[in-house]
Amino acid sequence: MFWMRLILFLLFGPIKTSNSNNYRKFHCKEQKECFNYELICEISGYEVRHYQASRWIATNVTSFFMEFANYEGFTKLFHYIQGKNEEGKKMAMTAPTLLKIPENDRIMENKNYTIHILLPAMYQENPPAPVDSDVYFIDLPEMYAFVKSFGGWLLTWNSKFYSSRLKTQLSKADRKFVSGYYYGAGYNSSEEVEVEDKEWGPMTLIDRHNEVWYIAEGTPGCSSSDPDLAI
Ligand SMILES: *[C@@H]1O[C@H](CO)[C@@H](O)[C@H](O)[C@H]1NC(C)=O
Ligand SMILES: *[C@@H]1O[C@H](CO)[C@@H](O)[C@H](O)[C@H]1NC(C)=O
Ligand SMILES: *[C@@H]1O[C@H](CO)[C@@H](O)[C@H](O)[C@H]1NC(C)=O
């Protein structure tokens, strides 16, 4: 029960402007629930965030192209939350959609991607089993992430561009992080599927939020000795 309450708090928890509660819901506009975090600090173009343990639905896709993997994986997971599960439960879309991207510069090579959608708070503990055998549950541990934000769509070229920029900054600042992969986080995924329900104004094309994350090793602090690399 403690876990359930903690999870509920983290997902919906009172969002105050005072310092007493650092959990934020900043990038939560289209969705009811988002993966909330504690902002540890913001340094020269990236953020250090703390995330609690969480449960997601996920699927693996092997493809030459990140865009294709993301689309195919997202579609399978979206079907799950739309009711393609053993109890026929429909769930509200959450944000962000996380794409685990292998660091691999070889273009003409299949790569393995994992796509994740956060389970809504009420399904964190006992989610209905997926019908699609490619869809599985995954528990992400409590973690600290280094995060860089950018607009537009989450595409190969810009996720590479911003992740390598972030990696360079982290390396110069002697930060310890897990290498071999990074995450791409998209906050505007719902419209990809429900395009016909949306008005396509200029903001739909411009006002989009994406991030790249490297997962920290250990507990990162915030040091003013970080070299200030302007973006
Ligand atoms: C999905 O891929 C990860 C590696 O990224 C692997 O550890 C895991 O076993 C795969 N799961 C399935 C169900 O294929
Ligand atoms: C991708 O996963 C498959 C099995 O799931 C594995 O055989 C293959 O080696 C992996 N490819 C890469 C590039 O890691
Ligand atoms: C995309 O998501 C971000 C974060 O939730 C939000 O600020 C923005 O308004 C969304 N953009 C569109 C076009 O809905």
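Sequence positions, counted from 1, serve as the residue numbers for this chain. In each ligand, atom 1 is the first atom listed, and ligand 1 is the first ligand listed.
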- Note on the structure: Per-atom filter on ligand 3: closer than 4.0 angstrom to a heavy atom of Asn188 are 1 (C), 2 (O), 3 (C), 8 (C), 10 (C), 11 (N), 12 (C), 14 (O)
- Item | Top protein contact for atom 13 (C) of ligand 2, by heavy-atom distance | Asn110 O, 3.8 Å
- atom 2 (O) of ligand 1 touched by protein heavy atom at under 4.0 Å: yes
- Message: With the threshold set strictly below 4.0 angstrom, can you tell me whether any protein non-hydrogen atom sits that near atom 11 (N) of ligand 1?
- Response: yes
- Under 3.5 Å, is there a donor-acceptor pair linking the side chains of Tyr136 and Asn60? yes
- Query: Looking only at protein heavy atoms, which one is nearest to atom 5 (O) of ligand 1, and how far off is it?
  - Reply: Thr114 OG1, 3.8 Å
- Which word best sums up how the rings of Tyr182 and Tyr214 line up, parallel for under 30°, tilted for 30 to 60°, or perpendicular for over 60°? tilted
- for atom 6 (C) of ligand 2, nearest protein heavy atom and its distance come out as Asn112 ND2, 4.2 Å
- Message: Over 60° means perpendicular and under 30° means parallel, so tell me whether Trp213 and Tyr51 are parallel, tilted or perpendicular.
- Response: parallel
- Heavy-atom nearest pair, Lys148 first then Gly45, reads NZ-O, 3.0 Å
- For ligand 3, which atoms sit closer than 4.0 Å to a heavy atom of Tyr187? 2 (O), 4 (C)
- Task: Select one of side chain, backbone, both or neither to describe which atoms of Asn60 lie under 4.0 Å from any atom of ligand 2, heavy atoms only.
- Result: neither
- Query: Could Glu103 and Lys111 be called an ion pair, given the rule that one side-chain N must be under 4.0 Å from one carboxylate O?
  - Reply: no
- Item | Geometric class of the His116/Tyr183 ring pair [parallel <30°, tilted 30-60°, perpendicular >60°] | perpendicular
